[in-house]
Structures are given as structure tokens and as C-alpha cells.
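Following: one structure in C-alpha cells, then a few remarks.
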Amino acid sequence: MPELPEVETTRRGLEPHVVGTTLREVIVRRRDLREVIPESIAQAEGRRVLAIRRRSKYLIVDLNDGSSLLIHLGMSGSLRVIPPSEPWKKHDHVGLTLSSDLQVRFHDPRRFGIVLHLSGGDPLAHPLLGNLGPEPLEDDFTVETLVNACAKRSIPIKVAIMDAKTVVGVGNIYASEALFRAKILPDTPANAVSKSRLKRLTQAIRDVLSDSIAEGGTTLRDFLKSDGEPGYFRQKLFVYDRKDEPCRVCRTPIRHAVMGQRSTYWCPKCQK
DNA sequence: CAAGATTCCTGGTGGC
DNA sequence: TGCCACCAGGAATCTT
């Protein structure tokens, strides 16, 4: 899916259209996503949107009755703001018609996404949001975060930083990109990476995610911003999806291998 | 407990 | 053009 930059891009795109409006109608065309959309989502009708927040790759829509919507885009999901008259596409599963006469439409071909209605309490306490590591762009993500996560673990460093218990939001694209920026080979055992290199990696993760957000995220196939436009960070990827292409720094062909069941890319000269 | 494999679902791509 | 194997941005849940 959408990794953290794409979810944050979506949040920023939705925020000005959604906050302060009332959900006039909730339309569910298909309930069987990764989890079944609960019937109680109908109770969101008539509620006003107080805020739209992001935690990890989840979006939380706070409503004025204390309930909230919890949305995850899975691997192929997107949320767009459109006129309600726009024809429904094959994989448009949910529509939230707003009092402003616009509609937020959830589209997800692979249906790995999630749309839940939480009737009350703290959304952050929901089981899906428990056991999550720190936000990479917040102050509680520090080199100590990675030092602790990597101690006594022999898994590749790339797999370690993709573990949401280590730090959230680092998906397959940005894991490869962050390791390139930090000049670390992705298959280095996590417990063999020195603290000074983990320090570099901490900063690299922050930088690559921030840079991508500034470009509206990365569009490979499915991802679209809430205005229907793609994100442009793909043009700034150093290694991801560039197998055999010349490294943008040293011209050495980019290498590719499967690591932790996921495609991984690196420059054998720039990364040690 | 750590590590690795499997699973959910659909669509795009590339080989033949 | 058609068929088919394979791959895909996530993450929970198995097995080893």
C-alpha cells in the first residue's frame, strides 16, 4: 500500500474538504474487506467531522458523537474527494457523502484495506493500533529505538526496520531507500549494525519519509492522491524498482534480491 | 521467543 | 490476441 508518506498525503488532501462537514450519507457497496465493515457505520450519518488524524498507516476520522472511523488503505487502497454524481467504479467500496456536496470514495481492488466504525473510547487503544512502535517523524523515534530493536536480532536490518513494532510506516519502498541513504547493505544482520550507523539510519528514515511527503508520495501502480493525481516521489527513488539500472550516484548497476519475502534493492558500491 | 513462510484478493505485466 | 505464471506498496497468523 500506500506507505506512511502516501497515507499522510491522503490525510492532508482530505483534511480541508472533510473537517467541519457533516456525513450526510454513508454508502457501503461491499463490506468484505480485510475485515467486514460493521453495520454500525450507518450511525456515522449525521455526525460532524472534528478531525482527521494519522497513526502509523491508519487514518482516524473523529466524529462529534465520540465515535470514529478507522481506515487503512491496505496495499491498493485510495481515498478520493469527488462529486457524488461520479459513476461508481468496479472497486469503489464505500462513499461518504458530505454536507458540502462532495463525496469521499474508498477504492481498493485487492480489498486488503479496512474501514471500521469505533463507537467510542480512544481509537488509539484499538487492538489494531496496539503494539505499534513510535512514529518516525515524531521525537520519540531516536537512535535508541533502533538500538533496542536490533539488539539480539539476526534478521536483516531491512526486515527489522519494516517491523511495525520497531517503528511504524516504513514499508518496502522506503526501507530500501532509507538503507541506501544511510549507506548500509540491507542484508546486514540487525545486531551487526553499529550505533553510529544506526544513527545515520534513524536520520535517513526521517529524511526519506519527509522528502516523499513533500512530493505527494510515491505512485507505482494504484496509489492516487485524494485529488486523483499521482505522487511524484517515484522520480526521486535511488534504488527501489531500479534493478540493473545505474546507481544515481556511482553508476553501478542496482542489485535486487528477495529478503523477508519482499523485493529488495541496493547499490553494491555505495552501501557497505 | 525469534525467524521464516503463508495467507487474504485482484490486476498488471511479460513470456511464449 | 490469448493464456498463464508471476509479481505487487501490508500485516496478521501460522509453523518451525
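Letters go in sequence order (proteins before strands), and every chain restarts at 1.
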Could you write out each protein N or O paired with an N or O of nucleotides 3-7 of chain C at a distance under 3.5 Å?
none

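- Taking the side-chain contact (heavy atoms from CB on, under 4.5 Å) definition, one finds that Thr145(A) meets it with Pro134(A), Phe141(A), Thr142(A), sequence neighbours left out.
- A donor and an acceptor atom, one from each side chain of Ser40(A) and His117(A), are located under 3.5 Å apart.
- If you check distances only, the side chain of Arg110(A) does reach the base of dA8(C) with a donor-acceptor pair under 3.5 Å.
- A salt bridge (charged side-chain N to carboxylate O under 4.0 Å, His left out) with Arg54(A) holds for exactly one of Glu15(A), Glu6(A), Glu135(A); it is Glu135(A).
- In this structure, Asn131(A) places its CG atom where only 12 or fewer heavy-atom neighbours from other residues, nucleotides or ligands lie under 6.0 Å away.
- Considering only side-chain N and O atoms, His72(A) lies nowhere under 4.0 angstrom from the phosphate OP1 or OP2 of dG10(C).
- Following rounding to the nearest Å, Leu33(A) (CG) and dA12(C) (P) show an atom-to-atom distance of 16 Å.
- For Tyr58(A), the ring-ring contact (aromatic ring centres under 6.0 Å, His included) criterion is met by His72(A), not counting sequence neighbours.
- Here Ile155(A) lies in heavy-atom contact (under 4.0 Å) with sugar-phosphate atoms only.
- Residues Thr218(A) and Tyr174(A) have side chains that bring a donor and an acceptor to within less than 3.5 angstrom of each other.
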Can I get a per-line list of side-chain donor-acceptor pairs under 3.5 Å for residues 43-51 of chain A, giving both atom names and the distance, sequence neighbours left out?
{"from": "Glu45(A)", "atom 1": "OE2", "to": "Val26(A)", "atom 2": "N", "distance (Å)": "2.9"}
{"from": "Arg47(A)", "atom 1": "NE", "to": "Gln43(A)", "atom 2": "O", "distance (Å)": "3.3"}
{"from": "Arg47(A)", "atom 1": "NE", "to": "Asp65(A)", "atom 2": "OD2", "distance (Å)": "3.1"}

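- Separation of the P atoms belonging to dG12(B) and dA11(C) is 23 Å when rounded to the nearest angstrom.
- Between Arg255(A) and Asp244(A), no side-chain nitrogen of the basic residue sits less than 4.0 Å from a carboxylate oxygen of the acidic one, so the salt-bridge criterion is not met.
- The distance from atom CE of Met162(A) to atom P of dG10(C) is 5 Å, rounded to the nearest whole Å.
- At a cut-off of 3.5 Å, with distance as the only test, a side-chain donor of Thr264(A) or Lys158(A) sits close to an acceptor on the other residue.
- dC7(C) and dA5(B) have their P atoms separated by 14 Å, with the value rounded to a whole Å.
- Stem analysis of DNA chain C (Watson-Crick or G-U pairs, both distances under 3.5 Å, runs of at least three) returns B:2-8 with C:10-16, B:10-16 with C:2-8.
- Put simply, Arg234(A) has no side-chain N or O that comes within less than 4.0 Å of OP1 or OP2 on dG9(C).
- Taking the six-membered ring where the residue is Trp, Phe106(A) and His93(A) present tilted rings, their angle falling between 30° and 60°.
- Taking atom CG of Leu4(A) as the reference point, atom C1' of dG9(C) lies 13 Å away to the nearest angstrom.
- A nucleotide of DNA chain B counts as in contact with chain A when one of its atoms lies under 4.0 Å from a heavy atom; the first and last such, 5' to 3', are dA3(B) to dG11(B).
- At dG9(C), one or more side-chain N or O atoms of Tyr240(A) fall inside 4.0 Å of OP1 or OP2 (strictly under the cut-off).
- Heavy atoms of Lys90(A) sit under 4.0 angstrom from primed sugar atoms or phosphate atoms, though from no base atom.
- One atom, CD1 of Ile114(A), and another, P of dA12(C), lie 8 Å apart when rounded to the nearest Å.
- The 12-atom threshold is not exceeded at CG of Asp139(A), counting heavy atoms of other residues, nucleotides or ligands nearer than 6.0 Å.
- A distance of about 25 Å separates the P atoms of dG11(B) and dA12(C), rounded to the whole Å.
- Salt-bridge check for Asp241(A) with Lys243(A): failed, with every basic side-chain N at 4.0 Å or more from each acidic carboxylate O.
- When rounded to the nearest whole Å, the span between CG of Leu73(A) and C1' of dG9(C) equals 11 Å.
- Counting to the nearest Å, the P atom of dG9(C) and the CG atom of Leu209(A) are 16 Å from each other.
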